[in-house]
Enquirer: 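Encoded as structure tokens, here's the structure I'll be asking about.
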Amino acid sequence: MIGLIDCNNFYASCERVFNPELEGKPIGILSNNDGCVIARSNELKPLVPMAMPAFKIPPHIKKQITLLSSNYELYGDMSQRVFSIVQDYIIDTELYSIDEAFLHLQHQRNPVEYCRNLRKIIRQSTGIPVCVGIAPTRTLAKIANHIAKKKVGSQGVYYLDPNASDFIEQLEQLPISEIWGIGRQLSAKLSNMGIRTAWQLRNFDAHFIGKQFSVVLERTILELRGIACIELEDIHTPKKNIMTSRSFGKATNNIDDLHDVIRLHASRGAEKLRTQQSLAQAILVFLRTNRFGEQQSQYHPSIVIPLLYPTNDTRHIITAAQEGVCRIFKEDYSYQKAGVMMLDIVDQNKRQLDFFSQTEDTETKTRSNQLMSTLDTINKKMGRNTISFGGINTNAQWNLKRDLLSQRYTTRWDELPVVKMM
DNA sequence: TGGGAAACT
DNA sequence: AGTTTCC
């Protein structure tokens, strides 16, 4: 049996733990640069649609709601607290995202009661409300979680049994857009074919769907029938390309600024390569003007820089990225976003030795690995960017705009919550 | 008016 | 290599 544990309105709940006045009120969390709404409390859901740009929220609604910048340092730390409890209780746990994990429930005599208890413990020790869905497949467990969140009397845990009498009814009530892996476009296409509910999809010709759409959707149908065929290995396999990019708080046409930004993205990309034990054989650097600035001239250049040999050494990747910036930069444009992508990624442990390609000599390679792992160890222990190449300019104008940021209550000594005793 | 990855064309 | 799709 598979369980899916999911934190309720996770970002909003994190904010409420440290600011209980927000309890019961409509609150929304904004994306980077305070752009659009990416998380909503239940109270906000009827007022503001998902992903609405903050500036498009009507003023009469805006004044009755609370908006906050995203505080990933807080959410990341709260996530660790929640899931370290989960992992203590259920050994076989697969973290899926910042607020979700799959659980393998094999050894529990009564999984529903077990998860209700786990839920109480998490609530008590972290303040975060969670729900658990239980079913034979991941797709059904997701649906079960959805039901657990809505159904009164579920006490936060719901078991969706394909053989139970309510199974058909539950799937008939569920629009296909709520199914894991089915987004807007796909639901529109399926809807045109007359498929609107999860129950209709479950009964459709899976093979035909596989041909017409994708194997992923075919598997979804099998999963709806209770046949487990989506493994999490599909999710935890190493990335084939790795992107780091960010919009600027304020546009810039200063090449020094752009070099700073690109150096940061290059370092992050190299770090990501190392954590999944990979090497890149090329990188892509891109810049772009503000695509919503209709009156300004647009420029979206990108360039692929091949690397001399497969590497995850920050120094090599920075050098290549800086060269990329120089080659695509034109000073008559004002840039709003920049990024670096790691390309042609290979496994560092079974690197193919091509007779014709250059490789580093073994000693250089060993020293590079030692330096990088020392760097990673220190940064992991002391916090990101404790050691970096060329320093971090925290006051640069391209830094994120985050005007509505709450405190980083759990990870900064100078931002701890203060309790007043009367 | 986000960031990221993969599939598709 | 650029576009679309999804989360």
Side-chain angles (χ1 to χ4, degrees), chain A residues 4 6 10-11 28-40 48-58 62 67-72 75-76 96-100 138-139 142 145-146 176-190 210-220 230 234-251 261 264-265 268-269 271-273 275-276 278 280 282-286 288-294 300-306 328 336-345 398-402 404:
Chain A
L4 188 263
D6 186 304
F10 182 54
Y11 296 174
I29 315 300
L30 301 172
S31 64
N32 279 339
N33 290 310
D34 296 341
C36 46
V37 178
I38 54 164
R40 302 165 298 164
V48 176
M50 192 61 170
M52 177 178 258
F55 77 91
K56 277 192 184 169
I57 300 173
K62 209 166 188 170
L67 293 176
L68 294 164
S69 304
S70 34
N71 187 342
Y72 284 107
Y75 313 149
Y96 178 56
S97 72
I98 194 167
D99 71 333
E100 283 171 276
R138 295 176 198 283
T139 304
K142 277 259 187 187
N145 188 284
H146 186 83
I176 44 171
S177 58
E178 304 285 336
I179 300 170
W180 189 30
I182 301 186
R184 241 199 0 254
Q185 310 286 339
L186 217 45
S187 20
K189 280 180 199 156
L190 290 168
K211 290 272 175 230
Q212 204 71 187
F213 292 87
S214 68
V215 279
V216 179
L217 191 54
E218 183 178 352
R219 286 190 192 157
T220 298
I230 298 179
D234 301 336
I235 295 154
H236 286 309
T237 46
K239 312 274 182 264
K240 293 173 182 160
N241 51 54
I242 293 173
M243 154 115 105
T244 59
S245 72
R246 201 123 304 178
S247 306
F248 306 151
K250 194 163 176 282
V261 175
L264 227 53
H265 290 314
R268 274 296 295 143
E271 275 169 32
K272 289 183 186 176
L273 281 174
T275 56
Q276 68 162 40
S278 299
I283 64 165
L284 178 145
V285 180
F286 76 87
R288 68 167 13 176
T289 49
N290 182 357
R291 62 195 173 113
F292 296 104
E294 282 164 24
H300 299 167
S302 71
I303 188 170
V304 174
I305 309 277
I328 57 179
Q336 186 70 41
K337 185 172 181 175
V340 176
M341 217 186 291
M342 305 295 119
L343 303 175
D344 300 337
I345 291 177
W398 46 263
N399 272 330
L400 283 184
K401 181 176 162 218
R402 294 197 294 188
L404 307 167

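Naming: A, B, ... by sequence-line order, numbering from 1 per chain. Just the heavy atoms: all of them, side chains too, but no hydrogens, waters or symmetry mates, feed the values below. All values reported here derive from a predicted model rather than from experimental measurement.
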Enquirer: I need the CD1-P distance between A:I98 and C:dC7, as an integer number of Å.
Expert: 18 Å
Enquirer: Looking only at side-chain atoms of A:N32, point me to the closest of B:dA6, B:dG4, B:dG2.
Expert: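 Between B:dA6, B:dG4, B:dG2, the one nearest the side chain of A:N32 would be B:dG2.
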Enquirer: Does the side chain of A:N241 get closer than 4.0 angstrom to OP1 or OP2 of B:dA6 through an N or O atom?
Expert: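 True: A:N241 side-chain N/O within range (under 4.0 Å) of B:dA6 OP1/OP2.
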Enquirer: With a 4.5 Å heavy-atom cut-off, do A:K142 and A:E100 have their side chains touching?
Expert: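 Answer yes - side chains close enough.
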Enquirer: Taking C-beta and beyond as the side chain, do A:M50 and A:R40 meet within less than 4.5 Å on heavy atoms?
Expert: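 SC-SC contact between A:M50 and A:R40 confirmed.
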Enquirer: Is the shortest heavy-atom distance from the side chain of A:I182 to the side chain of A:L217 under 4.5 Å?
Expert: yes
Enquirer: Rounded to the nearest angstrom, tell me the gap between atom CD1 in A:I305 and atom P in C:dA1.
Expert: 13 Å
Enquirer: Between C:dT4 and A:R184, is there an OP1 or OP2 to side-chain N/O distance shorter than 4.0 Å?
Expert: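 False: A:R184 side-chain N/O out of range (4.0 Å or more) of C:dT4 OP1/OP2.
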Enquirer: Using a 4.0 Å heavy-atom cut-off across all strands, classify A:S70 as base, sugar-phosphate, or nothing.
Expert: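 Touches nothing.
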Enquirer: Nearest whole Å is fine: how far is B:dG2 P from A:L68 CG?
Expert: 19 Å
Enquirer: Just checking A:G181: base, sugar-phosphate only, or nothing, at a heavy-atom cut-off of under 4.0 Å?
Expert: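 Result for A:G181 = sugar-phosphate.
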Enquirer: Does A:S245 have a side-chain nitrogen or oxygen under 4.0 Å from the phosphate oxygens OP1 or OP2 of B:dG4?
Expert: yes
Enquirer: May I have the distance from A:N33 (atom CG) to B:dG2 (atom C1'), rounded to whole angstrom?
Expert: 8 Å
Enquirer: Can you tell me how far P in B:dT1 sits from the matching atom in C:dC7, rounded to whole Å?
Expert: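 Per the computed distance, 24 Å lies between those P atoms.
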Enquirer: Mind checking A:K272 for me? I need base, sugar-phosphate or nothing, with any heavy atom below 4.0 Å counting as a touch.
Expert: sugar-phosphate
Enquirer: Quick one: label A:K56 by what it contacts on the DNA or RNA (base, sugar-phosphate, nothing), any heavy atom closer than 4.0 Å.
Expert: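 It contacts nothing in the nucleic acid.
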Enquirer: Rounding to a whole Å, what distance do you find between A:K211:NZ and B:dC8:P?
Expert: 13 Å
Enquirer: Taking the side chain as everything from C-beta on, heavy atoms only, tell me whether A:Y72 gets closer than 4.5 Å to A:N32.
Expert: yes
Enquirer: Just how far, in rounded Å, is P of B:dT9 from CD of A:Q185?
Expert: 13 Å
Enquirer: Rounded to whole angstrom units, what separation is found between the CZ atom of A:F286 and the C1' atom of B:dA5?
Expert: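 It is 13 Å, rounded to the nearest whole Å.
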Enquirer: Base, sugar-phosphate, or nothing: which does A:I242 touch, judged by heavy atoms less than 4.0 Å apart?
Expert: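 The answer is sugar-phosphate, as A:I242 gets under 4.0 Å only of primed atoms, P, OP1 or OP2.
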Enquirer: Is the shortest heavy-atom distance from the side chain of A:I345 to the side chain of A:Q276 under 4.5 Å?
Expert: yes
Enquirer: Okay, side chain of A:D99, backbone of A:D6: is any donor-acceptor separation there less than 3.5 Å?
Expert: no
Enquirer: Select one nucleotide: of C:dG2, B:dG3, B:dA6, the one nearest the side-chain heavy atoms of A:S302.
Expert: C:dG2
Enquirer: What nucleotide among B:dT1, B:dG4, B:dA6 has an atom nearest to a side-chain atom of A:K240?
Expert: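 The closest nucleotide is B:dA6.
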Enquirer: State whether A:R288 places a side-chain N or O below 4.0 Å from either non-bridging phosphate oxygen (OP1 or OP2) of B:dG2.
Expert: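 So the side chain of A:R288 is outside the cut-off, no N or O lying under 4.0 Å from OP1 or OP2 of B:dG2.
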Enquirer: Hey, does the side chain of A:K337 come within less than 4.0 Å of B:dG2's phosphate (OP1/OP2), counting only N and O?
Expert: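 So the side-chain polar atoms of A:K337 never come under 4.0 Å of the phosphate oxygens OP1 or OP2 of B:dG2.
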Enquirer: By nearest heavy atom, map A:S214 and A:L400 onto DNA chain B; which one lands nearer the 5' end?
Expert: A:L400
Enquirer: Could you say whether the aromatic ring of A:F55 and the base of B:dT1 stack, counting only centre distances under 5.5 Å and plane angles under 30°?
Expert: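 A stacking contact does not exist, since A:F55 is not both close and nearly parallel to the base ring of B:dT1.
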Enquirer: Does B:dG3 have its OP1 or OP2 closer than 4.0 Å to a side-chain nitrogen or oxygen of A:S247?
Expert: yes
Enquirer: I need the CG-P distance between A:L343 and C:dA1, as an integer number of Å.
Expert: 9 Å
Enquirer: Let me spell it out: for each of A:D34 and A:V215, pick the nucleotide of DNA chain B with the closest heavy atom. Which residue's pick is nearer the 5' end?
Expert: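 Nearest-nucleotide comparison on DNA chain B picks A:D34.
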